[in-house]
Structure formats: C-alpha cells, structure tokens
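The structure appears right after this line, and notes come after that.
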Protein chains: 2
Amino acid sequence: MSVNVLIYEDNESLRNSLVTLLSREKGFHIVGDYPECTNLENHLLHLNPDVILMDIDLPEINGIDGVKKIRSITTTIHVLMLTVFDDTSSVYDALYAGANGYLLKKYISTRLVTSIKDVLEGGSPMSPAIARLIIDSIKQKGPKKTALDYNLTSREIDVLVSLAKGNSYKMVANDLTISLDTVRTHIKHVYDKLHVQSQGEAISKALREGLIS
Amino acid sequence: MSVNVLIYEDNESLRNSLVTLLSREKGFHIVGDYPECTNLENHLLHLNPDVILMDIDLPEINGIDGVKKIRSITTTIHVLMLTVFDDTSSVYDALYAGANGYLLKKYISTRLVTSIKDVLEGGSPMSPAIARLIIDSIKQKGPKKTALDYNLTSREIDVLVSLAKGNSYKMVANDLTISLDTVRTHIKHVYDKLHVQSQGEAISKALREGLIS
DNA sequence: GTGAATATCACATATTTATGGGATTGTGGA
DNA sequence: TCCACAATCCCATAAATATGTGATATTCAC
C-alpha cells in the first residue's frame, strides 16, 4: 500500500520537480498537483490524500489559510509546508494553523522524502534554520525565573497563586485556612519583595516573569 | 581546515561508534572523547573544539549542567545533545541551557554528520519527534485569543493594559487623559465581558489568555 | 433616521486594599 | 545558645476599588 500525496505549489517548474522526485520513489502515489488550493474541499473528498505538500505563498488562498481549511475538515491528514520564507511569523502562523512540518525549499531535493516519512510517523520535520527560529523565540521568553529569584517563601507563593485566581483576601484566607490578617501580612511581604504596591502589578509581574503560571 | 569535535558519552560502545563514524568522514577531527564531563573547563581550554557532542544522561555532571557550564564560558562553541529521552522537560531544559541541536540516538547513524554541519551553519537540527514535542507545547499555550473573543473595545483594552502595568485608577485616568469615572466605567464593562469581579482576576485572565501581553 | 455600540463624564456607597504598627511560635543554621 | 526567618495572628486607618444608576455626544450600520 502506498502513500497518497497531494501537491499545491504555484511555481510550475518546482511543482513538476516535486512530481518527478516522488514518482521515482516507490511507495508514493501522487493523487493530484495544483497551482492553487481553491478547490480544497473537493480534493480532500475525492483524492483521498495521506499527505499534502503545501506551498506557503499561494495565489488566491495562501498556504496558511489552506491549512486552516484542511484542519477545519480533518485532523488526520498530514500537512508539510514548503517555503522560501524563514521569518518567524510565517512559521508561527503555519504551526498554529495546524501544519505538521516545515521544509525550506532549498532542502527539498535532499530531504523531501525523509520528511514525508517523518510526518507519517507523527514527527514534525523541519529545516534546522526553521527550528532555530522557533527555539530562539522560545528562549526569548526567557528561562523562567523561579520564586527564588525574589526570595518568595512557599506560603507567599500560595497566597499569590490564590490571589491570581481572582480570590479576594477573604477567599484566600478561606482557601489556605489562615486568618485574613495573615493573608495581609503575606501580601505585604510579597509586595516588598517584588517592589510593587498593588495587586494588579504583583499579579502581572508574577505571571510575566513566570513566578506563577 | 577541519572541524574539531569533542565527545562526551558514557556508553562506551556508543562512544566508540561515534568516533569511528566521524573518523571515516573527512573534514572532522576528534579532539577528545570522554565518558564524563567533569573536566570541562580544561578540555575547552586545551582541546579547542568547534562542536561538542553531549550525552544528556551523563554520570557525575549531567549533560544539561554540562551545557550550562559551557555556556558560562563561551557562546561560540556549538553543542549538539544526544539522547534517548524524548520527554518535554529534558528538551526544554537543554534548550534553555543553550544547546544548539537535539538528536535522538536512534538517528545518529543516519543524521549525525548532517546535523553537525547544520549546527555549524547556525541551524538547530533536531529529530522530528523532538520538534513535535516543542511544537505541541507551543500550541498547547493556544492560539492567542484576540480581544475580539470577549468583545472588548479598544478603549477597554487600553485601560486593561494600563492597569496591568500596575497603575491605579487615578494613574490610568492620567495615562489616558480621561476622568476617573470614565476609567471606572470602562473597567466595569471589562469585568462584565470577562465575567470577573476583581482586578486580580481580570489581569490574570487577560494575561493568560493573551488578550494583553 | 433610528437604534446599537462606543466613549465620555457624574454621583453615591459598601467593601476591599494598602500600609503602618506590634506580637507569638517553631525551625534551622552559626 | 542565639539569631534570623518563616508563618501565624491582631489592630487601626486612609485610600482605592467594585457596583449601581444615570446622562450625553458620536459613529456606524440597517
């Protein structure tokens, strides 16, 4: 049994290359190749693809929206994005839209086949440059500070967490089974340590810096 | 000129395989191979590696801490993690520690050489399964809801943002050059729309759901 | 041009917060 | 042993917040 591949790529010579490349490979069957994905629903219904190769920069409906449409219909078909862009926002948009992998076009000749196999196994193959983008943007958010960075005690964290849930002092007291005044004391200490002077600032600082989540 | 590779891997047979594998490849020069990375500083100083292959599960000092130590000394040396684990926390820890790539051991025979070349080019090669983990954990945070999901108006967002900075109502009023009562009104509406009844809950909900950042 | 939604302001008041004091107990390190 | 610190509680008060009700002007779609 072979893998059904559906191709959307507006660059005709590249599209032909893809077809040639996969035709030579046994185990792959190309069920369709189109320069645009306006007829997506029909294709999905009648061509029965296992994997879709989707160019990101498509006329009419772009690849991102194409993926969204696919995902609104089915989550089982694997989608591998093909792109010349390696900018962060395209990558993120595609990932959120539900793409399974992200291959830079310059790597197509050497990695297309293995990448398709990877997505079929549930992996998310991506060019190293793409992976780098993702990693950088994750790291940018920063290694989460621990409560230790502000010398918050465990009880102080408890109070902060309870507060962030939207509890009033009274509710926090009830939540942690301590008195209202104790809650106040803890919060005072938290404010001192975080150098803030209001609940709003404390909570947003705690959330943004990963002290609580 | 060749690439200097330094290897830390406690499994002796695997370490020998790595050495053999890279020895056969021209352009690579192995400057050292050790079962543990306790002598890291010295090695860095005297062996002059371009790339370090680092097992994650090392005795004495584990690979994560190894990377941290490397990064505290230099950021230019490339580090490729080798692992049998593909759990989320190991991956994240390694990334935050400053690893450049993350290769599952079962792919070593087929992808080690290209992966090393990838890191040298500034990319972050990783096995598809690893990439999948990262993508899933990103997506888990969810596609950010926009303010539209709660029908917040632009002015209401302004107020919310200002509040999250830690501003009091007075300061918000000053910030947006509107009256205190107008601030109150906006906040009332925000609370209604978000279904909350305190500043803390509003801010944490807004931050967690990505309404503001 | 009517109505719905936005943005603005006003007044009133019960609760809640922020902040200042001060106190007791237990724990763990110097 | 003694000191620092964590965790608990108490009192007091000025300031800020939550909530209700009501009003006006603008805009934008129907």
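Here is how names work: the chains are called A, B, and so on, in the same order as the sequence lines, proteins then strands, and each is numbered from 1.
- Between the C1' atom of D:dA6 and the CD1 atom of A:Ile157 lies a distance of 14 Å, rounded to the nearest Å.
- Screening residues 179-196 of chain A for salt bridge (Lys or Arg N to Asp or Glu O under 4.0 Å) gives A:Glu156-A:Lys193, A:Asp181-A:Arg184 as the qualifying pairs, with residues at least two apart or on separate chains.
- With sequence neighbours excluded, the residues satisfying salt bridge (Lys or Arg N to Asp or Glu O under 4.0 Å) with B:Asp65 are B:Lys68.
- Five base pairs at each end of the helix from C:dG1-D:dC30 to C:dA30-D:dT1 define two local axes, and these are offset by 60° (rounded to 10°).
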Could you go over nucleotides 27-30 of chain D and give all protein N or O partners under 3.5 Å, atom names and distances?
none

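- In this structure, A:Asp158 places its CG atom 14 Å from C1' of D:dT8, rounding to the nearest Å.
- The nearest whole Å value for the distance from the NE2 atom in A:His189 to the C1' atom in C:dT19 is 12 Å.
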Heavy atoms under 4.0 Å is the rule here; annotate nucleotides 9-18 of chain C 5' to 3' with B where the base is hit, S where only the sugar-phosphate is, and - elsewhere.
-> BBB----SBB

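- What separates CG of A:Asp192 from P of D:dA6 is a distance of 12 Å, to the nearest Å.
- Sorted by first and then second residue, the side-chain hydrogen bond (donor to acceptor under 3.5 Å, both in side chains) pairs involving residues 195-205 of chain A (not counting sequence neighbours) form an empty list.
- A salt bridge links A:Lys105 to A:Asp55: one of the charged nitrogens lies within less than 4.0 Å of a carboxylate oxygen.
- For B:Asn16, the side chain to side chain donor-acceptor pair (under 3.5 Å) test picks out no residue, with sequence neighbours left out.
- The side chain of B:His186 contributes an N or O atom lying less than 4.0 Å from OP1 or OP2 of C:dT8.
- Residues satisfying the side chain to side chain contact (heavy atoms under 4.5 Å, CB included) criterion with B:Asp93, sequence neighbours excluded, are B:Ile64, B:Ser89.
- With no hydrogens or angles considered, no side-chain donor-acceptor pair links A:Thr185 and A:Thr182 at under 3.5 Å.
- In this structure, CG of A:Leu176 is placed 12 Å from C1' of D:dA7, rounded to the nearest angstrom.
- Remark: B:Ile135 engages A:Leu95, A:Ser124, A:Met126, B:Lys139 in a side chain to side chain contact (heavy atoms under 4.5 Å, CB included) (not counting sequence neighbours).
- A:Ile30 is linked by a side chain to side chain contact (heavy atoms under 4.5 Å, CB included) to A:Ile7, A:Val19, A:Leu22, A:Ser23, counting only residues two or more places apart in sequence or in another chain.
- A:Asp158 pairs by the side chain to side chain contact (heavy atoms under 4.5 Å, CB included) definition with A:Arg155, A:Leu176, not counting sequence neighbours.
- Remark: P of D:dA6 and CG of A:Leu160 are 16 Å apart, rounded to the nearest angstrom.
- Looking at residues two or more places apart in sequence or on another chain, you find a ring pair (Phe, Tyr, Trp, His ring centres under 6.0 Å) between B:His43 and B:Tyr8, B:Tyr34.
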